[in-house]
Structure formats: structure tokens, C-alpha cells
Amino acid sequence: MTQAIAYRCTPDVIRDVIAPGKIGAYALGNMENEEFSIKYIGRSDKSLRNRLLSHNYMYHFDYFIFQCTTTVEEAFELEAKWWHSCRMNHVKIVNRIHPDSPNEMNLRCPYCNFSYHLSQLLNKRTFSNQYKTA
């Protein structure tokens with residue numbers, strides 16, 4: 001995840017830092033040893049501001065970070081990138097289910113596809129090298 005500013009997760013701050021109608025991805029969490037500790041990853045395809053103001057975890061976590069995107073596809077890919085990064089780095093987040101594709105778009109996660117193809121390539125190399133004859 002890129003370096004981001006962690007903001008206090010309060011309605012006033014959310015209204016101050018996120019313009020109406022902006023879309024993108026966000027993370028909720030707490031400060032631990034002066035570093036933002038991610039606990040939840042999400043996105044909004046319509047309004048980050050409204051999503052955070054009405055979030056079920058609004059008062060469970062003290063801070064949030066966000067990144068605006070210009071398209072719904074970019075928001076999905078950013079959410080998936082952050083989610084996969086947490087999983088790969090063993091960060092325990094509340095939402096353990098993979099981010100869903102935006103409604104009726106049937107987008108495929110680029111990180112799942114990359115992981116799948118990489119594992120297939122590595123398995124082929126391992127398998128073929130195991131049975132090579134001299």
C-alpha cells in the first residue's frame with residue numbers, strides 16, 4: 001500500500017477530507033506504535049464519503065485512509081490490491097472474503113489471475129525439472 005495519511009474516523013473529518021461523489025478504496029484501522037494498523041479494507045463505487053459516514057464499523061476503528069479513483073474498475077482493482085497485500089503479509093483484517101466485483105460488471109481480480117498463472121508456471125517448472133533425464 002502506498003504511503004497515505006491516516007485520518008481520525010469521525011463524521012466531521014470524513015466530511016472535511018472527502019469531497020462528495022468521489023469513489024475509491026479505503027482502509028479502517030487503529031494506530032499501533034504510531035503506525036496505521038489496517039483492520040478492514042473496502043471501497044465505494046458511488047460515494048466514499050457516504051460509505052464511510054454510514055459504515056457498520058464507523059465507531060469500531062479510530063482511523064481511516066483512502067484513495068480516490070476515477071473509475072469503478074480502478075476502485076475494485078485498488079481494493080483487491082490492498083486486500084491481497086494484507087493476505088500475503090499475514091495482516092489480520094475483519095473482512096476475510098475476497099472483494100466482490102462491482103454490480104453487473106463481472107470483473108476478474110488481476111491479482112488472483114496473476115497468482116494463479118504464476119503458480120501454474122512454477123508447478124510446471126518444478127514438475128518438469130523433477131523428471132528430467134540426464
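Treat the numbers as computed from the prediction; the structure is a model and nothing was measured. Sequential numbering from 1 along the given sequence is applied to the chain's residues.
You'll find the side chain of Phe66 reaches within 4.5 Å of the side chain of Val17, heavy atoms only. Ile23 places none of its side-chain heavy atoms less than 4.5 Å from the side chain of Thr70. Pro11 places a side-chain heavy atom less than 4.5 Å from the side chain of Met58. Between Asn95 and Ile41, the closest side-chain pair of non-hydrogen atoms falls below 4.5 Å. The closest side-chain heavy-atom distance from Asn50 to Ser44 is not below 4.5 Å. Two residues are said to be in side-chain contact when any heavy atoms from C-beta on lie closer than 4.5 Å; Tyr7 and Ile14 fail this criterion. Annotation: side chain of Cys9 is in contact with side chain of Phe64 (closest heavy-atom distance under 4.5 Å).
In this structure, Phe76 CZ and Asp100 CG are separated by 7.5 Å, a value rounded to the nearest 0.5 Å. Expressed to the nearest 0.5 Å, how far SG of Cys68 lies from CZ of Arg49 amounts to 11.0 Å. Here the CG-CD1 distance, from Leu28 to Ile65, works out to 9.5 Å after rounding to the nearest 0.5 Å. Distance check: Thr10 OG1 to Leu53 CG gives 9.5 Å after rounding to the nearest 0.5 Å. Atom OG of residue Ser47 and atom CD1 of residue Ile18 lie 8.0 Å apart, to the nearest 0.5 angstrom. The SG atom of Cys86 sits 13.0 Å away from atom NZ of Lys92, with the distance rounded to the nearest 0.5 Å.
Residue Asp16 qualifies as enclosed at atom CG: its count of foreign heavy atoms under 6.0 Å is above 12. A 6.0 Å sphere centred on OH of Tyr40 holds more than 12 heavy atoms belonging to other residues, nucleotides or ligands.
Taking both residues in full, the closest heavy atoms of Arg43 and Asp45 are given as NE-OD1, 2.8 Å, listed atom of the first, atom of the second, then distance. When all heavy atoms are compared, the tightest approach of Cys109 to Ala80 is SG-CB, 3.8 Å. The two atoms that bring Pro99 and Glu79 nearest to each other are CB-OE1, 3.3 Å, heavy atoms only.
Partners of His98 according to the ring pair (Phe, Tyr, Trp, His ring centres under 6.0 Å) rule, which considers only residues two or more places apart in sequence or in another chain, are Trp83, His84.
Applying the side-chain hydrogen bond (donor to acceptor under 3.5 Å, both in side chains) test to every pair with at least one member in residues 22-31, sequence neighbours left out, gives these pairs: Tyr26-Arg51, Tyr26-His55.
At a threshold of 4.5 Å between side-chain heavy atoms, the hydrophobic network of Ile, Leu, Val, Met, Phe, Trp and Tyr places Val72 and Leu78 in two separate groups.
The backbone N or O of Lys81 lies less than 3.5 Å from no partner atom in the side chain of Ser85, so there is not a single donor-acceptor pair.
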Donor-acceptor pairs are to be reported for all side-chain atoms of residues 31-38 against protein atoms at under 3.5 Å, with residues two or more places apart or in another chain.
residue : atom : partner : partner atom : Å
Glu32   : OE1  : Ser37   : OG           : 3.4
Ser37   : OG   : Lys39   : NZ           : 3.4

